[in-house]
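Comments concern the structure below.
Small disclaimer: the values here were computed from a predicted structure and weren't measured. FYI, side chains are in, hydrogens and waters are out, and symmetry mates aren't considered; it's all heavy atoms of this structure.
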Amino acid sequence: MIRVEFLGPIQKDALALDITNLRALATILQATPDMKEWLENSAIAVNDTLVTTLDFPLKDGDKVSMLPPVCGG
Amino acid sequence: MIRVEFLGPIQKDALALDITNLRALATILQATPDMKEWLENSAIAVNDTLVTTLDFPLKDGDKVSMLPPVCGG
Amino acid sequence: MLKLYDGGLEVASILKEWYTEESTSNYGAFIPFVGTIRDEDGIDGLSFDIYEPLLEKWFEAWVAKAKEQGAIIKMAHSRGDVLLHESSYIASVFSPKRRVALEFIDAFVEDFKASAPIWKYDLKNGERIYALERSTAIEGSGLLA
Amino acid sequence: MLKLYDGGLEVASILKEWYTEESTSNYGAFIPFVGTIRDEDGIDGLSFDIYEPLLEKWFEAWVAKAKEQGAIIKMAHSRGDVLLHESSYIASVFSPKRRVALEFIDAFVEDFKASAPIWKYDLKNGERIYALERSTAIEGSGLLA
């Protein structure tokens, strides 16, 4: 099982999904209402490391985080 | 009378001179022992404003300061 | 040293603490950057969410960069609500020489604004409104779009 | 605000004073630069001579530059002897936005090193030795040579 967390202003509960890569997650979230803008402006981390390829493999227990635009300070 | 002050590490008492421009001061100091290095590396202020031309006119009561290399902080 | 605080920062005491901690470490330059909430756009303050695991990783990468230059960094940030004229952010660098410190604080603060996983909200009329238009998409965003 | 002190600076209390003075002035960024005496080359400390009339003019010119950008500056410097690990210099800028502050502190500190009429001496074995090799000739030097 993969846990998917939506951080900061994204008002969405975490998901538990049976997927093996980010491409599958993209497919699911693209079909989810009200996610389009967040998909466009958010970065993705797997186990708290930012990733830049959809082919990133996921294994049981991994945590995927979706990070919308930031503004600290 | 013009007062000439030697600042910081220049170990020299102030002078009182009857001169009307910096060119005359240059002539006097070039003939003064142990001044060569200071003349080369020092800036000149008249009444606490830095000047960049030897033709700068001096009038009675003016203060000329000789400022060797600086290092604040 | 990265420390998160609930609410506004006690700036004077944090700066004193950091300066004192390094008082015999032989750093010639110390530069803190202090960020304070401005009274603008009719806000009552700002509020912050932080994703701490990734913030710590981001910070550790900068600790390593600092170390390469013989420098160290210390940072403090607020969690939750911070009112007008309170401070929410202090970043700082200590280094042997001034050029390293001056260049490092600039690069560090700019990357913080662009990359640190912190979300800002305006506090206005009892609401907490995400400051999307002042926020920056992290590099590589849009991967799942 | 330019203030000169005899001996080492009380850094924490000066920073607290400056921060407090501007606590409701609505500046979003505050950056102090603190210079501290390093233990190196076997010195016991440093000593400073200052030509105050010209330092004040130099500082006022930077106050005017700051004002053009909506910023203010505050500076403190030591006169006379400052021992190892004591601080002799604090420059600071307050501005509405961070970019102005980051760029200003760099330009201000660099021009200070190149132009401010302050002379530095190493304190070593009871002697006060002019630090010529670490000093910078003011722009326009050599006029009388």
Side-chain angles (χ1 to χ4, degrees), chain B residues 2-58 61-73, chain D residues 2 4 9 33-38 46-61 75-79 82 87-91 108-122 127-145:
Chain B
I2 308 297
R3 180 179 169 82
V4 182
E5 294 180 347
F6 302 88
L7 300 180
I10 311 179
Q11 302 280 332
K12 187 168 170 55
D13 291 337
L15 301 175
L17 297 173
D18 257 325
I19 51 177
T20 56
N21 61 48
L22 288 176
R23 207 172 289 280
L25 178 59
T27 304
I28 292 166
L29 293 179
Q30 284 165 14
T32 304
D34 300 327
M35 284 302 292
K36 185 173 161 48
E37 194 187 350
W38 294 124
L39 291 173
E40 285 167 0
N41 66 17
S42 294
I44 304 299
V46 176
N47 301 330
D48 300 327
T49 296
L50 291 169
V51 297
T52 53
T53 171
L54 278 178
D55 295 317
F56 199 93
L58 299 174
D62 278 355
K63 175 177 69 172
V64 177
S65 309
M66 194 159 160
L67 300 107
V70 297
C71 189
Chain D
L2 165 62
L4 304 177
L9 303 178
F33 174 100
V34 180
T36 299
I37 312 300
R38 301 189 69 214
L46 297 175
S47 190
F48 298 92
D49 286 343
I50 300 180
Y51 184 52
E52 299 186 20
L54 199 59
L55 181 64
E56 276 157 25
K57 283 203 175 188
W58 172 86
F59 187 77
E60 288 309 316
M75 188 175 116
H77 201 286
S78 297
R79 269 189 292 241
V82 185
S87 298
S88 54
Y89 176 47
I90 316 178
F108 180 47
V109 167
E110 289 299 324
D111 188 55
F112 169 83
K113 297 298 285 189
S115 309
I118 301 179
W119 295 278
K120 180 180 283 179
Y121 305 82
D122 288 335
E127 283 188 284
R128 190 173 190 259
I129 306 156
Y130 175 49
L132 173 61
E133 72 292 345
R134 307 203 295 286
S135 300
T136 305
I138 294 172
E139 205 180 319
S141 286
L143 184 66
L144 300 191

Under the rule for ring pair (Phe, Tyr, Trp, His ring centres under 6.0 Å), what residues qualify as partners of D:Tyr89, not counting sequence neighbours?
D:Phe33, D:His77, D:Phe112
Mind checking what makes ring pair (Phe, Tyr, Trp, His ring centres under 6.0 Å) contact with D:Phe59, not counting sequence neighbours?
none
Should the pair D:Lys120 and D:Phe48 be classed as cation-pi, given the thresholds of under 6.0 Å to the six-membered ring centre and 45° from the axis?
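Output no; distance or angle outside limits.
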Which region of [X], side chain (C-beta onward) or backbone (N, CA, C, O), has a non-hydrogen atom less than 4.5 Å from a non-hydrogen atom of chain B, or is it both or neither?
{"X": "D:Lys57", "answer": "side chain"}
{"X": "D:Ala131", "answer": "neither"}
{"X": "D:Ser115", "answer": "backbone"}
{"X": "D:Ala91", "answer": "neither"}
{"X": "D:Thr136", "answer": "both"}

Taking the six-membered ring for Trp and the single ring otherwise, decide whether the centroids of B:Phe6 and D:Trp119 are under 6.0 Å apart.
no
Looking only at D:Asp49, D:Ile138, D:Thr36, most heavy-atom pairs under 4.5 Å shared with chain B are made by D:Ile138
Under a 4.5 Å heavy-atom cutoff, which of D:Pro53, D:Gly140, D:Gly35 has the most pairs with chain B?
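Greatest number of close heavy-atom pairs with chain B: D:Pro53.
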Using side-chain contact (heavy atoms from CB on, under 4.5 Å) as the criterion, point out the one residue from B:Val64, B:Thr20, B:Asp18 that pairs with B:Leu58.
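The passing option is B:Val64.
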Of B:Leu22, B:Asn41, B:Leu29, B:Thr27, the largest count of non-hydrogen pairs under 4.5 angstrom with chain D goes to B:Asn41
Selection from B:Leu7, B:Thr52, B:Thr49, B:Ile44 maximising heavy-atom pairs under 4.5 Å formed with chain D:
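Going by pairs under 4.5 Å, I would pick B:Leu7.
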Hey, are the side chains of [X] and [Y] touching, using non-hydrogen atoms and a 4.5 Å cut-off?
{"X": "D:Leu4", "Y": "D:Leu55", "answer": "yes"}
{"X": "D:Val82", "Y": "D:Leu9", "answer": "no"}
{"X": "B:Ser42", "Y": "B:Ile10", "answer": "yes"}
{"X": "B:Phe56", "Y": "B:Val46", "answer": "yes"}
{"X": "D:Tyr51", "Y": "B:Asp48", "answer": "yes"}

Quick check on the structure: residues of residues 65-73 of chain B within a heavy-atom distance below 4.5 Å of chain D, by number.
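So far as heavy atoms go, B:Ser65, B:Leu67, B:Pro68, B:Pro69, B:Val70, B:Cys71, B:Gly72, B:Gly73 are the residues that approach chain D to under 4.5 Å.
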For chain D, which residues of residues 31-40 of chain B have at least one non-hydrogen atom nearer than 4.5 Å to it?
B:Glu37, B:Trp38, B:Leu39, B:Glu40
Distance-only, no hydrogens or angles: does the [X] side chain make a donor-acceptor pair with backbone N or O of [Y] under 3.5 Å?
{"X": "B:Asn21", "Y": "B:Ala24", "answer": "yes"}
{"X": "B:Asn47", "Y": "B:Lys63", "answer": "yes"}
{"X": "B:Gln30", "Y": "D:Leu144", "answer": "yes"}

Check ion pair B:Arg23-B:Asp55 (N to O, under 4.0 angstrom)
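Salt bridge: yes.
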